[in-house]
Protein chains: 2
Amino acid sequence: MEQRIEKIKQQLQAQSYKLTSQREAIVRILLQNEKDHLSAEEVFMLVREVEPDIGLATVYRTLELLTELKILHKMNFGDGVARYDLHTENSEHHHHHLVCVKCGAVDEIMDDMLGPIEQKVEKEYHFKILDHRLVFHGTCYRCTGLPKPDHLI
Amino acid sequence: MEQRIEKIKQQLQAQSYKLTSQREAIVRILLQNEKDHLSAEEVFMLVREVEPDIGLATVYRTLELLTELKILHKMNFGDGVARYDLHTENSEHHHHHLVCVKCGAVDEIMDDMLGPIEQKVEKEYHFKILDHRLVFHGTCYRCTGLPKPDHLI
DNA sequence: TTGGTTGCAAAGGTTTTGCAGAGTT
DNA sequence: AACTCTGCAAAACCTTTGCAACCAA
């Protein structure tokens, strides 16, 4: 935890940004909820328990800054709010999402599986791929009563 | 064109909705711009040339209705507006998008390619897939100076 | 002192909603 | 008449921005 905060601090300072107490509190919230995909409002609610005087605008500005620095992924599941996801060491380009249409849960697949498809796309569509987003909509194991898959965290 | 309008009319009437002149004008705009991914505002601008008195709210309500009836796909490329895509006979579950980070162009891949991945996901993650969204971000053939791929429309 | 940073409030942009009137069946 | 549908305006929402005060190097 402290290590990862330190790393982010360095990434900020490398561009002469500061890790203020507000920013640190936001990052800690993101680290503590790494499995979730929090919206700005959700981060705001959580961070307020630690930094009661923080403003919503600061949360938005911090999330935007962290997104620019590629520390966060900003994404959109179609529910009208942007959601954010911490980049962990090896998750950058290699995870997908399962969005349950019944309960709204969002699970992550840590397996990329798109390699062959990307090769085909680059070759057949002359498109240089930088990133991808793959989201499956359907019914999760909780809602179908199936056991929790071993592959999920 | 007329055939497809007729079909949509029937789909509406099956649920006792009407194909009013405003709705028909909107559907015609969508049919005429099938390759694009229009936003509500863009549909509004185009449809106003035909139905000058139409209101923006009607456009939103119609797009929502057509989405509920699965005639349209509502999607989100992260630019702050929802975009809509007509379901053609065989495109329903089987096309992806290439979003160019340089020029903003959105091209379509008509090839599904996800079959094997979906099987794996259903099996390993106990997730019953109803739909998927796959978007690649990168540089398109126009911006890299490559020839137009045969696979694109 | 010079910049970056913050909270607040206001503004911006997209989408939804309330309502009375109009149109259909 | 009952019901859907429409346009308008207002509201609701999420997000961004202007600004004066604040803080750290």
Side-chain angles (χ1 to χ4, degrees), chain A residues 8-29 37-69 71-84 104, chain B residues 8-29 37-69 71-84 104:
Chain A
I8 289 169
K9 185 177 182 179
Q10 285 168 16
Q11 286 176 270
L12 285 168
Q13 287 176 343
Q15 319 250 352
S16 69
Y17 295 118
K18 296 163 193 166
L19 184 65
T20 62
S21 70
Q22 291 95 331
R23 288 181 182 165
E24 183 171 336
I26 290 170
V27 171
R28 285 187 187 277
I29 292 298
H37 303 79
L38 301 177
S39 65
E41 191 72 35
E42 287 164 349
V43 172
F44 180 55
M45 305 285 258
L46 291 168
V47 91
R48 256 217 291 208
E49 295 169 13
V50 182
E51 287 261 340
D53 290 338
I54 198 171
L56 181 55
T58 300
V59 173
Y60 273 104
R61 280 188 283 233
T62 301
L63 294 175
E64 193 199 346
L65 176 62
L66 295 176
T67 302
E68 269 168 29
L69 297 185
I71 294 168
L72 284 183
H73 239 322
K74 182 179 185 174
M75 60 191 113
N76 215 305
F77 294 127
D79 59 348
V81 292
R83 297 184 171 279
Y84 298 84
Chain B
I8 290 170
K9 185 177 181 178
Q10 285 167 17
Q11 286 176 269
L12 285 167
Q13 287 177 342
Q15 319 250 351
S16 69
Y17 294 118
K18 297 163 193 165
L19 184 64
T20 61
S21 69
Q22 290 94 331
R23 287 180 183 167
E24 182 172 337
I26 290 169
V27 170
R28 285 186 187 277
I29 292 298
H37 304 79
L38 301 177
S39 65
E41 190 72 30
E42 287 164 348
V43 172
F44 180 55
M45 304 285 257
L46 291 167
V47 91
R48 257 218 289 207
E49 295 170 13
V50 181
E51 287 261 340
D53 291 339
I54 199 171
L56 180 55
T58 300
V59 173
Y60 273 105
R61 281 189 282 233
T62 300
L63 294 174
E64 194 198 347
L65 176 61
L66 296 177
T67 302
E68 269 168 28
L69 297 185
I71 294 168
L72 283 183
H73 239 322
K74 181 178 185 175
M75 61 191 111
N76 215 306
F77 294 126
D79 58 349
V81 292
R83 297 184 172 279
Y84 298 85

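On a predicted model such as this, the values are computed, not experimentally measured, just so you know. In the text below, chain A, chain B and the rest are named by the order of the sequence lines, each starting its count at 1.
Rounded to whole Å, atom P of D:dA9 lies 13 Å from atom CG of B:L56. Remark: C1' of C:dT6 and CG of A:L19 are 15 Å apart, rounded to the nearest angstrom. We find that CD1 of A:I54 is positioned 16 Å from P of C:dA9, with the value rounded to whole Å. Atom-to-atom, CD of A:Q15 to P of C:dG4 comes out at 13 Å; the value is rounded to the nearest Å. Whole-Å rounding puts the A:L38 CG to D:dC14 P distance at 15 Å. Going from atom CG of B:N76 over to atom C1' of D:dT15 covers 14 Å, rounded to whole Å. Computed from coordinates, the A:E24 CD to D:dC23 P distance equals 18 Å when rounded to whole Å. Distance CD (B:E51) to P (C:dG23): 13 Å, rounded to an integer number of Å.
The nucleotide whose nearest atom lies closest to any side-chain atom of A:Y60 is, among C:dT17, D:dT15, C:dT6, D:dT15. Listed candidates were C:dT17, C:dT24, C:dG7. Nearest to the side chain of B:K18 is C:dT24. If you check C:dT17, C:dG4, C:dG7 against the side chain of A:R61, the one that comes closest is C:dG7. When the nucleotides C:dC8, C:dT15, D:dC5 are ranked by their closest atom to the side chain of B:T20, D:dC5 comes out on top.
Among the atoms of the strands shown, only primed sugar atoms or phosphate atoms (P, OP1, OP2) are found under 4.0 Å from some heavy atom of B:Q22. No contact: A:E64 has no heavy atom under 4.0 Å from any strand.
The number of heavy-atom neighbours closer than 6.0 Å to CZ of B:F77, taken from other residues, nucleotides and ligands shown, is above 12.
Comparing the end axes of the helix from C:dT1-D:dA25 to C:dT25-D:dA1, each fitted to five base pairs by superposing C1' atoms of four pairs onto the next four, gives an inter-axis angle of 20° (nearest 10 degrees).
Phosphate contact (OP1/OP2 of C:dG4, side-chain N/O of A:Y17, threshold under 4.0 Å): absent.
Within 3.5 Å, no donor on the side chain of A:R23 pairs with an acceptor on the base of C:dG4, nor the reverse.
For the atom pair B:M75 CE and B:T67 OG1, the distance stands at 9.5 Å (nearest 0.5 Å).
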